[in-house]
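Here the structure comes first, spelled out in structure tokens, and everything after it is commentary.
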Amino acid sequence: PIGSQAITNYPISGSVKDYNATGNGTTDDYANIMLAIAGTPNYTSLYFPAGTYVVRTPITMGSYYSRDKPIQFVGENPASTIIRAETGNSATGSTIIARGGQYGSDLMINGVALRGATTITLASVTGLAVGNTVRIAQTNNPALVTGWTPTGSSDPDLDRYICHGQISKITAINGLNVTISQPLCENLTNGFFRKFDPYRGFGLLNMGLANTNNATSTSCIDFYGCEN
């Protein structure tokens, strides 16, 4: 729930047909659907009448560096309302992507943090507070990732994302020692914390998703750092 309002109680505020989405199974409806999303007020539902809505670019509801839009997609039923991703020019061929946004600086973990630990020592806790959601990850470790080679990107996060990571909340801070709500899933070497704003309040109801994209990374739905 968001506050006291469950996602399934979001009232319908409009239809993708109001923004000229066709649902005819051949026309690329991506641009019209994105216009409809932009025009949908927070905490309401966007209605998709029966049809097959082709998209050749992933419907992106958030990104690593942006904030969420709490709305719901509502269809007739999963068999008659379908969003289908087809081959486009995107390297990530997901039908729908919903991701939380990170912000602030990397705060490095001192030494090795062991699997199962809930209290971790950082080099600095600047900017952290009890209740913060954080992304905990590390630069790539050959012990965890096989066949990995650096991308050569100027953005080190493009390499970090390939490796271990988890989302947790800070429950206590004592000096440089930070206690988290979920135990570490794996040993971390060269690990770091970064504050993270989860994507909150996105839902799907009575809809089917399909994907015939031949991109290098494909899925029907890609949720990263989401909360309801």
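Along the sequence shown, the residues carry numbers beginning at 1.
- Distance alone, capped at 3.5 Å, is enough to place a donor-acceptor pair between the Arg84 side chain and the Gly25 backbone.
- Between the side chain of Lys17 and the main chain of Thr22, a donor-acceptor pair closer than 3.5 Å is present.
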Trace of the side-chain contact (heavy atoms from CB on, under 4.5 Å) decision for Glu76 with Asn206:
CA-CA 6 Å; Glu76 290 283 350; Asn206 296 330; over 6 Å; no

Side-chain donor-acceptor pairs under 3.5 Å in residues 30-40, sequence neighbours left out?
residue, atom, partner, partner atom, Å
Asn32, ND2, Tyr19, O, 2.8
Thr40, OG1, Ala36, O, 2.7

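- Donor-acceptor pairing under 3.5 Å is recorded for the side chains of Thr26 and Asn24.
- Side-chain N or O atoms of Gln166 include one that pairs as donor or acceptor with a backbone N or O of Cys185 at under 3.5 Å.
- Within the 4.5 Å cutoff, the side chain of Leu205 has no heavy atoms near those of the Tyr10 side chain.
- Residues Thr27 and Arg56 come closest through the heavy atom pair C-NH1, 4.5 Å.
- Side chain of Thr212 to backbone of Ala85: a donor-acceptor contact under 3.5 angstrom is found.
- Rounded to the nearest 0.5 Å, atoms CD1 (Ile96) and CG (Asn211) are 10.5 Å apart.
- Lys169 places none of its side-chain heavy atoms less than 4.5 Å from the side chain of Ile180.
- Expressed to the nearest 0.5 Å, how far OG1 of Thr133 lies from CZ of Arg194 amounts to 15.0 Å.
- Counting heavy atoms from C-beta outward, Gln72 and Tyr47 have side chains that stay 4.5 Å or more apart.
- Rounded to the nearest 0.5 Å, atoms OG1 (Thr95) and CD1 (Ile59) are 8.0 Å apart.
- The backbone N or O of Val134 sits nowhere less than 3.5 Å from a side-chain atom of Asn132 that would complete a donor-acceptor pair.
- Not one N or O on the side chain of Thr52 forms a donor-acceptor pair closer than 3.5 Å with the backbone of Ile82.
- Residues Leu184 and Ile120 have side chains in contact (heavy-atom distance under 4.5 Å, counting atoms from C-beta outward).
- Residue pairs meeting the salt bridge (charged side-chain N to carboxylate O under 4.0 Å, His left out) criterion with at least one partner in residues 34-48, sequence neighbours excluded, do not occur; the list is empty.
- By the rule that hydrophobic residues join a cluster once side-chain heavy atoms approach within less than 4.5 Å of another member, Leu46 and Leu209 end up as members of one cluster.
- Using modelled atom types, no side-chain atom of Thr119 and backbone atom of Val178 make a donor-acceptor pair closer than 3.5 Å.
- When atom types are taken as modelled, the side chain of Thr81 and the backbone of Pro78 share no donor-acceptor pair closer than 3.5 angstrom.
- Without hydrogens or angle criteria, Asp106 side chain to Phe192 main chain gives no donor-acceptor distance under 3.5 Å.
- Residues Val130 and Leu122 share a single hydrophobic cluster, defined by chaining ILVMFWY side chains whose heavy atoms lie under 4.5 Å apart.
- Taken from CD in Gln182 to OG1 in Thr118, the straight-line distance is 10.5 Å, to the nearest 0.5 Å.
- With contacts defined as side-chain heavy-atom distances shorter than 4.5 Å, the pair Ile109/Phe193 qualifies.
- Listed by chain and residue number, Phe48 satisfy the ring pair (Phe, Tyr, Trp, His ring centres under 6.0 Å) test with Tyr53 (two or more places apart in sequence, or in another chain).
- The line from CD of Glu86 to OG1 of Thr57 is 11.5 Å long, rounded to the nearest 0.5 Å.
- Inter-residue side-chain proximity for Ser168 and Ile136 is flagged as met; some heavy-atom pair is nearer than 4.5 Å.
- By the 4.5 Å heavy-atom criterion applied to side chains, Ile170 and Leu128 are counted as neighbours.
- Inter-residue side-chain proximity for Pro11 and Ser45 is flagged as unmet; no heavy-atom pair is nearer than 4.5 Å.
- Judged by distance alone, the side chain of Asn77 and the main-chain N or O of Ser80 form a donor-acceptor pair under 3.5 Å.
- Rounded to the nearest 0.5 angstrom, Asn110 CG and Met108 CE are separated by 9.5 Å.
- Linking ILVMFWY side-chain heavy atoms closer than 4.5 Å, directly or via other members, places Ile173 and Leu176 in a single hydrophobic cluster.
- When all heavy atoms of Val16 and Pro49 are compared, the closest pair comes out as CG2-CD, 4.0 Å.
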